[in-house]
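Not measured: the values here are computed from a predicted model.
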Amino acid sequence: MRIKADYISIFIWICSFILSFLMLFFSASGFSMEPNLVLFVAILGCLLFLGRRSLFSFVRENYRICLVVGIIIGVIVRAFPLLLNWTYSCLNDLSDTGVHYYGAQELVAGVLERKIINYEKMFPYLYPYTYMLSIFVRITFGNIKMAIILSNIIFDYTGIFLVYKILKMIKGKNSAMLGMLLAIMNPFSIVSCWIPLNLILVNLFLLAIIYICIRIIIETNVRKTYFECLLLGGVVCIANYFRPVFSVAVIAVIIILVIKYIREKNVSLLIAGCIMLGALMLPTAIINGKINNYFEENIMDNASGWSFFVGSNYESKGQWSATDRDYFFGEIVPYYTKNEARSIIMEKGFERYSKYTMSLLANHVANKMSVLFADEGNAIYDIKYCFGISEDSWKYQLLYSIVSFYFVILTIFNLVNNFYASNKYDILMFLRLLVLGFSASFLLVEVMNRYTFIVYPVLIIISAMCINDLIDKFVIGKGQFMHK
């Protein structure tokens, strides 16, 4: 039976290696950087390489100071719209950013416009963040800009703390410090802190879920395992109302529990999986029923219909298009209930996919992967609509280059990590399954450049582990980095 478990582990490793290679291939092929920034990075890289031993020695002796400085700088750049007095000027009230921006203020005022209510009924995972943001609008005495920045900084730094806790639990303090620094420097998170979207909060939920999942994987006490599975189901249930993607983590940890069961023949592992599923599915069914009864409409059913329909569009490479929008909102939504409209549009998506040949489907998947990974710099495109920043402006081009470069670096370490860790390492297998699961989930539904945000925390954790191993092996000797 152990051999069967090893086969499963090897299969996961092979799939992870292929995806890691494709992520690097697409992100590198679409990579572009401003010439001045290329020169700066080249000079900085040479200086860091030449002075690497002195640098690591300094960091090792003063890592607390370096960390505090990094945290302060991270807060400053995340607060740029406040410090530089940028204005939210180009928001459409019938877009995700506009619904959050205007909806949060309207909730505080006590009157939510009908068009925003209808939009959020169509996409029900938007409302929880709108309500969360309205709490911060109250805290900041009606200052929506401060509410957006403050809430996102709090969510982001709470997530960074969880990155530290996760990595310390997995590999120790060295990797934990590296992970914190990588997360603080994450340019996509920095830009996301400026925008009224739930990206930062969703990633905070993901990190909390990863922490619980790893506790389940390493736990030896049966009662604690059962409790942690119960807790995981509850947290995933809540998180799915902000972005319905977290069942991927449940599936991933259940796969790990099944592998462990095959190895150990411990029935308690299967019971733990059942507890987890029950704790997720039962509350979800009850809450969905309550919501549907409250609105007297099945707004929680077929919530992914629109996304599935858009994702089936070969011409748009599975991206949003004006043609799909006009068809859905012009020819279907006005004549049916929200649930009926989503059911109809999902059927249209199935009709599209049913006409695909295998070669056409393969091309469609490749096109969607190129959208996800080959133009990562455009993941920041929301700043165009929030602040009126043109794509041709130096601000946009600079941010585009930095985000692209950072993502390529993460994908490099993600690929290298496949060669530096055992395929039998359960925690790493779990992390690989997360990347595989999130990436696969996008292949049938709508894709956007910024949808890669969900894999950033996982890639940061994997990269920190890999960097620490490489530093120990090639730079300064095992066990000497950061602290004695």
Side-chain angles (χ1 to χ4, degrees), residues 7-32 244-245 247-248 251-252 255 302-328 331-332 341-379 381 404 407-408 410-412 414-415 418-419 423 429 432-455 458-459:
Y7 284 155
I8 297 173
S9 301
I10 292 169
F11 177 75
I12 293 171
W13 179 86
I14 292 172
C15 293
S16 174
F17 173 77
I18 293 171
L19 178 62
S20 299
F21 174 79
L22 290 174
M23 289 173 68
L24 177 58
F25 172 79
F26 281 113
S27 60
S29 65
F31 174 69
S32 63
V245 295
S247 297
V248 168
I251 295 170
I255 290 173
N302 302 308
S304 59
W306 162 255
S307 183
F308 186 75
F309 173 71
V310 173
S312 65
N313 190 333
Y314 185 85
E315 287 73 23
S316 70
K317 299 181 179 180
Q319 300 177 91
W320 179 94
S321 69
T323 303
D324 286 343
R325 176 203 60 194
D326 294 342
Y327 174 70
F328 182 51
E331 299 183 31
I332 296 179
R342 288 192 297 259
S343 297
I344 292 169
I345 207 67
M346 180 169 277
E347 290 176 7
K348 297 294 183 182
F350 278 115
E351 287 179 14
R352 280 177 171 175
Y353 275 122
S354 67
K355 297 175 183 178
Y356 279 31
T357 62
M358 288 302 296
S359 61
L360 201 64
L361 182 61
N363 287 334
H364 189 51
V365 169
N367 289 336
K368 294 179 84 169
M369 289 194 71
S370 71
V371 171
L372 280 172
F373 303 124
D375 194 18
E376 183 60 21
N378 261 330
Y381 70 86
S404 296
F407 190 73
V408 169
L410 290 185
T411 58
I412 290 172
N414 183 47
L415 178 62
N418 284 279
F419 302 102
N423 60 306
M429 269 201 298
R432 288 171 177 165
L433 284 169
L434 286 181
V435 179
L436 286 166
F438 287 133
S439 300
S441 67
F442 294 131
L443 297 183
L444 292 177
V445 297
E446 178 187 9
V447 291
M448 292 184 183
N449 304 112
R450 64 170 158 85
Y451 280 9
T452 50
F453 80 95
I454 197 73
V455 300
V458 189
L459 293 180

Give the intermediate values and the outcome of ring-ring contact (aromatic ring centres under 6.0 Å, His included) for residues Phe350 and Tyr353. CA-CA 5 Å; Phe350 278 115; Tyr353 275 122; 7.7 Å; no

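- From Arg342, atom CZ reaches atom CD1 of Ile332 across 12.5 Å, with rounding to the nearest 0.5 Å.
- When every heavy atom of Leu434 is checked against every heavy atom of Ala252, the shortest pair comes out as CD2-CB, 4.3 Å.
- Distance check: Tyr327 OH to Thr323 OG1 gives 12.5 Å after rounding to the nearest 0.5 Å.
- Taking the six-membered ring for Trp, Tyr451 and Phe438 have ring centres at least 6.0 Å apart.
- No side-chain heavy atom of Ser316 sits under 4.5 Å from any side-chain heavy atom of Trp320.
- Counting only heavy atoms from C-beta outward, the side chains of Tyr381 and Met448 approach each other to under 4.5 Å.
- Between Lys317 and Val447 the shortest side-chain heavy-atom distance does not fall below 4.5 Å.
- A heavy-atom distance below 4.5 Å is not found between the side chains of Ser20 and Thr411.
- By the 30° and 60° cut-offs, the orientation of the rings of Phe373 relative to Phe407 is parallel.
- Two residues are said to be in side-chain contact when any heavy atoms from C-beta on lie closer than 4.5 Å; Ile255 and Ile251 meet this criterion.
- A 4.5 Å side-chain heavy-atom check between Phe309 and Arg352 finds at least one atom pair inside the cut-off.
- Once rounded to the nearest 0.5 Å, the distance linking CD of Glu315 with CG of Asp324 reads 9.5 Å.
- At a threshold of 4.5 Å between non-hydrogen side-chain atoms, the residues Asn367 and Tyr314 count as touching.
- Partners of Arg325 under the salt bridge (charged side-chain N to carboxylate O under 4.0 Å, His left out) rule, at least two apart in sequence or in another chain, do not exist in this structure.
- Here CG of Asn378 is found 8.0 Å from OG of Ser404. Values are rounded to the nearest 0.5 Å.
- Donor-acceptor pairing under 3.5 Å is recorded for the side chains of Thr357 and Ser359.
- No side-chain donor-acceptor contact under 3.5 Å links His364 to the backbone of Tyr356.
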For Phe419 and Phe17: C-alpha separation, side-chain torsions, deciding distance, then whether ring-ring contact (aromatic ring centres under 6.0 Å, His included) applies. CA-CA 9 Å; Phe419 302 102; Phe17 173 77; 5.6 Å; yes

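- Counted by atom type alone, Asn418 and Ser16 present one or more donor-acceptor pairs between their side chains at under 3.5 Å.
- Here salt bridge (charged side-chain N to carboxylate O under 4.0 Å, His left out) pairs that include residues 440-450, with residues two or more places apart or in two chains, are Asp382-Arg450.
- Between Ser27 and Leu24, the shortest heavy-atom contact is OG-O, 3.1 Å.
- Of the options Ile454, Val371, Thr452, a side-chain contact (heavy atoms from CB on, under 4.5 Å) to Phe442 is made by Ile454 and by none of the others.
- With contacts defined as side-chain heavy-atom distances shorter than 4.5 Å, the pair Leu372/Asn449 does not qualify.
- Taking all atoms of both residues into account, the shortest heavy-atom contact from Ser307 to Val445 is OG-CB, 3.3 Å.
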